[in-house]
Novice: 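Let me give you the structure first, and then I'll get to my questions.
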Amino acid sequence: MRPLPAKVFRESILRTPGSQDLANGLVIFLAVCAILYYGQPILIPIVLAILLSLLLAPCVKLLQMIHIPKPAAIISVVCIAFAILFAMTAVLATNLTRLAGDLPQYESNLREKARSLKFATSGGGTIEKAANVLKDLQVELQQPQQSLTMNSNKPIPVEIRETNFGPLDPVITAVAILIHPMTQFGIVLLMVVLILFNREDLRNRLIRLAGTGDIHRTTTALDDAGQRLSQLFTTQILINGLTGAFIGVALAFIGIPGAILWGVLTAVMRFVPYVGTLLSAVFPVIIAAAIGEGWSLALMTIAIIFAVEIIVGQVLEPLFFGKMTGISTFAIVASAAFWAALWGPIGLILATPLTIGLLVIGRNIESLNFFDVLLGSEPVLTPEHAFYQRLLASDPLEAAEQADAYLKDERLDDFLDEVAVPGLMLANHDHLRGVLSVERQTIVAHSFSAMLDEVWPEDKGEETAAPVLLVAAHGPLNFAATLAFSALLKTKNIRHEMLAEDAIAPGKFPQIDMAKVGFVCLCYLTAPSDAKHNYVLRRLTPLVKEARVLSVTWAGSGDHAELLSPANAASLLPATSAKLEKDSEAVDPPLAQAVPA
């Protein structure tokens, strides 16, 4: 067959629905990233204003409940919130200025600590080489730039004159530094007030944009997002504030300068997931090393910060947050990296709230459901699908972990009915569709056997001949079904023996003493056709002598009157040899004789 030209091949690939959807999705993702990156001067104030309004909205509602007019409630809450923010900023600036003034007196001690570290690390050669490289680089950078033209090697004289505004020069310099953050702050303040005043109107407009065809779902999404973000922010502010306050008091108690500054820094940096506390601990540890005679004060600072973080992170946050966010751990880390790359430090702080918003959107809008799958912490596969996937991957240990909850409650028989056998049914469905080869079926059966060996208790019956013999119908999946029935009998303490796979293949039957075998169970995963079932019975019946034959199937037993479900079959089987003799006398005629030949 003549191969397609490269151009035609590429066009045919691009015309396929899957590749076209992938290309469209990639283009949309890149476009959104570009908008987020280049539009951050506009988008960051809007996002901050929305999040702050969600935080302050419950306070406004509380004031309205005590009959304070809405305008007065909004203005009061906003003024108090931003007054607290201004006060914290002033305190931080004061402490930072004082600390900067005190640092020179600790310079000699800090140099001594650095010198001791230098000698403790491979003789200090590496550090000294790095320092020399930096000095040489600084010298090169300070030299005047030479002309790159080939015609002249003379330096070009450049005269730089600073603009002097006289007495207003410090004021203009300060204004130039503060004008951008103050402008952003003013925009955020104005938008918070406007959002609080027009909260109901904005909500209605969002519902109208989403469509009025399903107001219930849109309302649920908005309420869920608002409630989650509000609770998250409130709880996180309280926990972070108390954590920062405790660390500040502890550092002040052991004599660390700027303890208030480090406490507030810890409270702010804890909004950055996982690494925030570690980053905030760097400066107080350096200060402790600078003012202390030895390393004891620095080690004490490290111990305080880490002990508090372990208690808060491992005890208090799981206790108060619970599953409030609904975000997986991987999604939190990935979202923090993503938003930090786009929006810098502000993106780190806003990463978790923004991810929660995307998660809520994904849960309530079908076309964006992939957000829920990618970011959520809830399982995305049903237990039987996850079980089947592990069997396909030949991972019996992880498949056995699914049975732990059933094992603790002593409900292993329920595990068979609810997880294991439905997983085998999925394998049978793939077999019927022609996508599961015999080799893969064998892998599933062997993985299933290994899983049962990991989970199921050993048969503790007496070492006597088994009164029950299990025979698997042809095929690896029927063999797995026989293993499942064997596991069920173990939970009911019924002594039995199981033949190898395909033991009743044409022309062979194992040499086994049938004198003490009272029951032979022919096991299927799903009910076979009449012709196949009757053929197997005709071959099996003459070989089992006087034993009673029970045909057991896990699914579809209603199609054949002579096929029993595993539960019904297990109720007919004896638990001991003594009970077998009693039951054998009561059975007349044997089921094998009732099955048509």
Side-chain angles (χ1 to χ4, degrees), residues 412-413 416-417 421 449 452 456-475 478-525 527-528 532-555 557 560-597:
L412 289 176
D413 51 344
L416 291 174
D417 287 331
V421 174
S449 176
L452 293 177
W456 242 255
E458 294 293 333
D459 189 356
K460 299 180 180 179
E462 300 177 359
E463 295 297 330
T464 59
V468 179
L469 183 65
L470 304 186
V471 180
H474 178 68
N478 285 327
F479 181 70
T482 309
L483 291 170
F485 186 53
S486 173
L488 178 63
L489 296 183
K490 286 182 181 180
T491 61
K492 299 182 179 301
N493 298 318
I494 297 177
R495 290 280 300 160
H496 62 280
E497 184 178 350
M498 180 175 167
L499 295 185
E501 186 177 0
D502 291 335
I504 58 170
K508 68 175 183 178
F509 189 80
Q511 297 295 327
I512 186 170
D513 183 11
M514 299 295 299
K516 295 183 179 181
V517 176
F519 291 87
V520 176
C521 295
L522 178 60
C523 302
Y524 299 92
L525 179 60
K532 183 182 293 186
H533 182 57
N534 293 334
Y535 169 75
V536 175
L537 285 176
R538 282 197 302 269
R539 292 200 63 257
L540 182 63
T541 302
L543 302 174
V544 299
K545 303 186 184 304
E546 300 298 327
R548 178 182 176 184
V549 177
L550 300 179
S551 298
V552 182
T553 180
W554 284 95
S557 58
H560 301 276
E562 66 272 10
L563 294 180
L564 299 173
S565 67
N568 293 335
S571 65
L572 297 176
L573 299 178
T576 63
S577 298
K579 191 173 186 301
L580 167 63
E581 297 174 358
K582 181 179 179 181
D583 289 346
S584 297
E585 297 173 356
V587 174
D588 187 28
L591 179 61
Q593 300 176 8
V595 175

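Not measured: the values here are computed from a predicted model.
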Novice: Are any non-hydrogen side-chain atoms of Leu563 and His533 less than 4.5 angstrom apart?
Specialist: yes
Novice: If the condition is side-chain contact (heavy atoms from CB on, under 4.5 Å), which residues does Ala484 pass it with, not counting sequence neighbours?
Specialist: Leu416, Val421, Phe448, Trp554
Novice: How far does CG of Leu564 sit from CG of Leu522, to the nearest 0.5 angstrom?
Specialist: 11.0 Å
Novice: Sequence neighbours excluded, which residues qualify as side chain to side chain donor-acceptor pair (under 3.5 Å) partners of Asp417?
Specialist: none
Novice: Examine distances only and state if a side-chain atom of Asp413 and a backbone atom of Leu488 form a donor-acceptor pair shorter than 3.5 Å.
Specialist: no
Novice: Can you confirm whether Val536 sits close enough to Tyr524 that some side-chain heavy atom of one is under 4.5 Å from a side-chain heavy atom of the other?
Specialist: yes
Novice: Once you round to the nearest 0.5 Å, how far does CG of Leu452 lie from NZ of Lys490?
Specialist: 7.5 Å
Novice: Kindly give the heavy-atom pair with the smallest separation between Val552 and Ser565, and that separation in Å.
Specialist: CG1-C, 4.2 Å
Novice: Can you tell me how far CG of Leu469 sits from CG of Leu550, rounded to the nearest 0.5 angstrom?
Specialist: 11.5 Å
Novice: For a 4.5 angstrom cut-off between non-hydrogen side-chain atoms, does His496 reach Leu573?
Specialist: no
Novice: Between Cys523 and Phe485, what is the shortest heavy-atom contact and its length?
Specialist: SG-CD2, 3.7 Å
Novice: So how far is it from Leu470 CG to Cys521 SG, rounded to the nearest 0.5 Å?
Specialist: 5.5 Å
Novice: Just to verify, what does Phe479 make a ring-ring contact (aromatic ring centres under 6.0 Å, His included) with, not counting sequence neighbours?
Specialist: none
Novice: Where is the tightest heavy-atom contact between Thr553 and Ala527, given as atom of each residue plus distance?
Specialist: OG1-N, 3.2 Å
Novice: Side-chain contact, heavy-atom cut-off 4.5 Å: Met498 with Leu483?
Specialist: yes
